[in-house]
Number of protein chains: 2
Amino acid sequence: MNNPAPSSDSDGCGIRPVTDPCDRLREAIVSGEFQPNERLVEADLSVRLGVGRTAIRAALAVLDQEGLIVREPHRGARVRLISAREAFEIEQVRNALERLLARSAATQAASGDVADLREIVAAMHDRLREDDSLGYMQLNATLHRRIWKISDNQVATKMLVTLKSQSIRFQYGTILRPGRPEQSLQEHEKIVAAIAAHDPAACDSAMAEHLGHVLETLQWAIEAQERERPWSALREPAVGGRT
Amino acid sequence: MNNPAPSSDSDGCGIRPVTDPCDRLREAIVSGEFQPNERLVEADLSVRLGVGRTAIRAALAVLDQEGLIVREPHRGARVRLISAREAFEIEQVRNALERLLARSAATQAASGDVADLREIVAAMHDRLREDDSLGYMQLNATLHRRIWKISDNQVATKMLVTLKSQSIRFQYGTILRPGRPEQSLQEHEKIVAAIAAHDPAACDSAMAEHLGHVLETLQWAIEAQERERPWSALREPAVGGRT
DNA sequence: AGCGACAATGTTGTGAACAATCCAGCCCCC
DNA sequence: GGGGGCTGGATTGTTCACAACATTGTCGCT
């Protein structure tokens with residue numbers, strides 16, 4: 001019907017084409033627009049996104065499958081709070097899958113692929129020199145995604161995308177560790193070199209080393225967070241949308 | 001209590017469908033009750049399962065996320081045909097995840113866990129002696145699931161369950177290779193021994209060797225299938241529900 | 001005052017009706 | 001005879017209203 005409800009797009013975004021409400025909800029969750037454990041009432045989301053409750057319901061089903069929210073039978077949906085333990089599990093799985101893809105990438109990379117990777121690494125150098133941590137993180141993600149694309153394993157790639165969206169909240173802290181970005185960049189260079197040399201074993205070990213350090217850094221970040229707010233694990237926000 | 005739903009179970013099935021229609025549909029798909037590429041008409045499924053179309057629609061959304069079916073915008077859902085190439089991708093991912101879990105299992109196994117594993121292996125011996133291939137396959141799956149449970153990584157385990165349901169159609173051929181079951185059993189014994197010895201590295205390599213052979217066998221099975229029916233890749237069944 | 005039953009409220013789950021869309025067959029015109 | 005447009009049936013997408021369920025606040029009883 002007359003979907004352009006006058007108040008629906010009041011939150012700043014202009015003439016967005018009718019994107020999937022599922023994507024919009026996912027974006028809102030991973031960007032932290034909803035607090036962990038916050039209730040997601042279907043009717044509220046319906047008016048907020050300007051779509052029917054059915055679409056919201058379908059989107060919630062997808063997000064539930066992806067592990068971003070939990071749905072209890074007659075009690076609605078809440079954004080899922082990823083525990084530190086689960087973050088470790090996710091990182092371990094990511095570790096295993098990225099190693100697999102790194103091996104495949106090493107065997108399948110074309111010359112153009114290697115050129116792209118080197119370009120990204122060069123850009124990471126620049127970001128690091130300018131102390132642009134956010135830009136560095138983005139390029140980091142770009143580099144990994146580019147490797148995924150080279151490996152050309154769609155099943156694993158899709159899983160990694162899903163995992164990433166789940167653990168995004170923990171990823172932010174890992175860049176804050178002193179000296180970590182420099183070390184990270186060297187590890188990435190090593191990975192790219194192994195891909196350029198078409199050496200799967202070296203690429204595997206390089207990626208393993210890199211992600212092992214990421215795992216350590218993740219643990220450091222979690223411990224730092226717990227040290228700062230030791231009560232956070234006990235707090236049950238329940239920041240219900242009631243205004 | 002006896003809620004007034006007089007017309008809902010009119011199709012004579014005395015057993016109330018207490019199970020989730022999503023699970024029933026999944027079961028029907030992985031068990032081969034629906035042909036690949038067969039259209040899944042919502043209304044038909046609705047009467048077949050005795051639930052409303054809304055529930056069917058939700059179930060299809062989940063199954064779509066799991067990759068068991070594909071849904072095109074206004075053209076309905078069909079059971080997804082897994083290509084040989086995708087079966088390889090799935091097997092590679094399974095390989096990576098099972099190795100991860102094998103390592104974890106080696107470090108975390110309690111004595112009771114090891115006893116269970118040895119019991120399963122002994123039962124596999126029996127099935128093999130009796131030429132009970134089906135029973136052997138089931139115990140094979142049981143053994144792997146038991147290892148998953150020991151490793152206690154719920155994220156990876158859930159992924160493996162999903163992958164298994166996707167590639168089940170290809171798993172059947174792998175047992176037919178001559179001499180394969182005997183070799184498989186030895187590999188499993190090696191894995192269990194490594195878990196009992198709490199040796200993650202040995203467990204990793206044993207699982208890698210095992211799954212490498214599984215991958216080879218899968219390739220052999222696919223080639224045999226293609227040799228037998230070289231047209232199967234071209235055939236577009238389209239076994240539409242139109243009676 | 002403490003506690004259990006009970007109604008009030010809000011939210012999800014479900015089924016039916018309606019609109020939008022696609023597909024196949026058919027007809028008309030060239 | 002062949003191709004383009006059209007119409008009818010079938011199927012999906014969406015909305016709506018209502019029932020089922022959980023939570024919460026209230027009232028009466030001990």
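Throughout, a chain's letter reflects where its sequence line sits, starting with A, and its residues are numbered from 1.
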Partner set under side chain to side chain donor-acceptor pair (under 3.5 Å) for A:Glu98, not counting sequence neighbours
A:Arg94, A:His144, A:Trp148
Check whether any side-chain heavy atom of B:Gln108 lies under 4.5 Å from a side-chain heavy atom of B:Arg103, and answer yes or no.
no
Measure CZ/B:Arg78 against P/D:dT12 and give the value in whole Å, please.
12 Å
Salt bridge (Lys or Arg N to Asp or Glu O under 4.0 Å) contacts touching residues 50-62 of chain B (sequence neighbours left out)
B:Glu42-B:Arg53, B:Glu42-B:Arg57
Electrostatic pair A:Asp64:A:Arg71 at N-O distance under 4.0 angstrom:
no
Nucleotide D:dT14, atom P - distance to CD of A:Glu42 in whole Å:
15 Å
Show your reasoning for whether side-chain contact (heavy atoms from CB on, under 4.5 Å) applies to A:Ile90 and A:Gln166.
CA-CA 8 Å; A:Ile90 291 173; A:Gln166 282 186 37; 3.5 Å; yes
End axis versus end axis in the helix from C:dA1-D:dT30 to C:dC30-D:dG1, the angle rounded to 10°, five pairs used at each terminus:
0°
Can you list the residues that meet the salt bridge (Lys or Arg N to Asp or Glu O under 4.0 Å) rule with B:Arg26, with sequence neighbours excluded?
B:Asp23, B:Glu66
Between C:dT12 atom C1' and A:Asp64 atom CG, what is the distance in whole Å?
14 Å
To the nearest Å, how far apart are A:Leu49 CG and D:dT14 C1'?
16 Å
For residues 52-63 of chain B, which residues have at least one heavy atom under 4.0 Å from DNA chain D?
B:Arg53, B:Arg57
Check each residue of residues 70-77 of chain B for a non-hydrogen atom within less than 4.0 Å of any atom in DNA chain C, then write out the ones that pass by number, or none.
B:His74, B:Arg75
Between B:Ser167 and B:Gln171, a side-chain donor and acceptor under 3.5 Å:
yes
B:Arg24 (side chain) donor-acceptor with B:Leu49 (main chain) under 3.5 angstrom:
yes
Would you call A:Val214 and A:Asn95 a side-chain contact if the rule is heavy atoms closer than 4.5 Å?
no
Below 4.0 angstrom, N of the basic side chain to O of the carboxylate: do B:Arg85 and A:Asp152 qualify?
yes
